[in-house]
Protein chains: 2
Amino acid sequence: MARPKGDSSVTEARKQDILKAAFEVFSKNGYRGGSLSQVSEIVGITEAGILHHFKTKANLLIEVLAYRDELASEISGVTESSGLEFVTGWLNLIDYNISVPGIVELYCIVSAEATAADHPAHKYFQDRYEYVIGVTTASMQRIHDDGYMRKNLDPVDLGRAIVALSDGLQVQWLLDRKWDMIDEHKAFFRRILTDEGAKLTGLYIKEKVIA
Amino acid sequence: MARPKGDSSVTEARKQDILKAAFEVFSKNGYRGGSLSQVSEIVGITEAGILHHFKTKANLLIEVLAYRDELASEISGVTESSGLEFVTGWLNLIDYNISVPGIVELYCIVSAEATAADHPAHKYFQDRYEYVIGVTTASMQRIHDDGYMRKNLDPVDLGRAIVALSDGLQVQWLLDRKWDMIDEHKAFFRRILTDEGAKLTGLYIKEKVIA
DNA sequence: GTCTATAAATTGATAGAC
DNA sequence: GTCTATCAATTTATAGAC
């Protein structure tokens, strides 16, 4: 992408430093709980310096969220509707999230805050959920059409459910990490895939012993 | 329950007023975003007056959460492990939640905030989730033992999953209420119950047409 | 581009009168 | 039990020097 006029590369690097620090702060304390002074301390700059680059605190948050979305797109190919590959892609995403608890915290806290209609990131999260659920639903539809889904399951229900399940499990995981978040997701996919589908994604278990 | 010494009934009534107002404020803005002045304005009292009753803001939050738990216990009999009755009890709880979005917002926002180890309600939510997941897991186990669960499903996975699903769906619902949260939950139970179990809980659909 | 200085508001909390 | 008065701290944001 072309660099906007007037932004030297050193300026851009500075903005990246601030974004990284703001990301850290908002992850830990949320938007309302995080302050510009915390960010400035990490960067080694004054609060006025930060506002010079981002104008307002709300603006900074939005750019932090956009910054993270770029990262996420690189990590997994979940953005496309892709049948069975969706399953492994989604598991990869969870696996990545486990390695960066800060990101999980950021989304967990800020998405909850942003349910308030006057929150600066309200529209961002509305749009994001609509997009993500669209992708998951399309993938479920594709899995269904390919014949890898068990009988009598509704792809539309499942598209919403997988997003909800992941969000909910992440809250639980932030409060108590003494259980395997990947296993929980695998169990979900095992519930909805045919044996054939489970085999193709490496999730098949011949006989699961239930206590 | 016996009334604590020194608390006149009029004092107790005042505390209830404050709790109700604080509940409202924390529901809308979370703990960090909500202020004592907002609470005081609703009650028609000064901030000093509030702190006279609750000593600190953190203390007020804890009592608000406990206050709500009492309410919830009255609403549904979900607290006991009770086989198939769990399904209808849980659906009743969701139905109740839909009628009081403020409660949903309170738990959604504060539980997310409270994932931070130094949050005043951190331990409260750790304990609460442990308890709730314990109840749901026991209920799933009971459903399994009674023969109403489909083959190859793990009650332990499902106990955690139903809590996560509900939490996640509630976030989605706060952002966009143009879909049926009850239907989504029914679909989940339909996925895990035998036809016999679905019939007994009124969830059976003879032939579901998948688009 | 970053700083100092400062504004203007809000925060949670305390002391003490009534 | 509630008030006034006050505290010290912190907040976001602006103005202007360098």
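Here is the naming used below: chain letters follow the sequence lines, and residue numbers restart at 1 for every chain.
Taking atom CG on B:Leu36 and atom P on D:dT6, their separation rounds to 21 Å, with Å as the unit. In this entry the distance linking NZ of B:Lys57 with C1' of C:dT14 reads 18 Å, nearest Å. Between the P atom of C:dG1 and the CZ atom of A:Phe54 lies a distance of 12 Å, rounded to the nearest Å. Whole-Å rounding puts the B:Lys15 NZ to D:dT2 C1' distance at 16 Å. Note: CD (B:Glu47) to C1' (C:dA9) measures 13 Å, nearest angstrom. Atom P of nucleotide D:dT12 and atom CZ of A:Arg32 are separated by 13 Å, given to the nearest angstrom. The separation between B:His52 atom NE2 and C:dC18 atom P is 18 Å, rounded to whole Å. Summarising the geometry, the separation between CD on B:Gln38 and P on C:dT10 is reported as 11 Å, rounded to the nearest angstrom.
Between B:Ser37 and the phosphate of C:dT11, there is a side-chain N or O to OP1/OP2 separation shorter than 4.0 Å. The side chain of B:Thr46 contributes no N or O atom lying less than 4.0 Å from OP1 or OP2 of D:dT2. For D:dT2, the OP1/OP2 oxygens have a side-chain nitrogen or oxygen of B:His53 closer than 4.0 Å. At the phosphate of D:dT11, OP1 or OP2 sits under 4.0 Å from a side-chain N or O atom of A:Ser35. Applying the 4.0 Å criterion to OP1 and OP2 of D:dT2, one finds that B:Arg14 has a side-chain N or O inside that range.
Among the atoms of the strands shown, base atoms are found under 4.0 Å from some heavy atom of B:Leu51. A:Gly34 comes within contact range of the sugar-phosphate backbone alone, with a heavy-atom separation under 4.0 Å but no base atom that close.
By the side chain to side chain contact (heavy atoms under 4.5 Å, CB included) test, B:Glu41 is found to be paired with no residue, residues two or more places apart in sequence or in another chain being considered.
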**Item:** Intra- and interstrand pairs of DNA chain D - dot-bracket, Watson-Crick/G-U under 3.5 Å, | marks other strand
**Value:** ||||||||||.|||||||

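One N or O on the side chain of B:Thr136 and one on the backbone of B:Gly159 form a donor-acceptor pair closer than 3.5 Å.
Using a 30° and 60° split on the angle between ring planes, B:Tyr67 and B:Phe23 fall in the perpendicular class, above 60°. Ring pair B:Phe86/B:Phe189 is perpendicular by interplanar angle, where above 60° counts as perpendicular and below 30° as parallel.
To the nearest 0.5 Å, atoms OH (A:Tyr107) and CD (A:Gln170) are separated by 11.5 Å.
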**Request:** Verify ring-ring contact (aromatic ring centres under 6.0 Å, His included) between B:His119 and B:Phe125, making sure each step is shown before the conclusion.
**Result:** CA-CA 10 Å; B:His119 191 283; B:Phe125 275 98; 7.8 Å; no

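Position along DNA chain D of the nearest nucleotide to A:Tyr31 versus B:Ile18 favours B:Ile18 as the more 5'-ward residue.
In the set D:dT12, D:dT2, D:dC3, the nucleotide with an atom closest to the side chain of B:Ala48 is D:dC3.
Atom CD of A:Glu130 has 12 or fewer heavy atoms from other residues, nucleotides or ligands within 6.0 Å.
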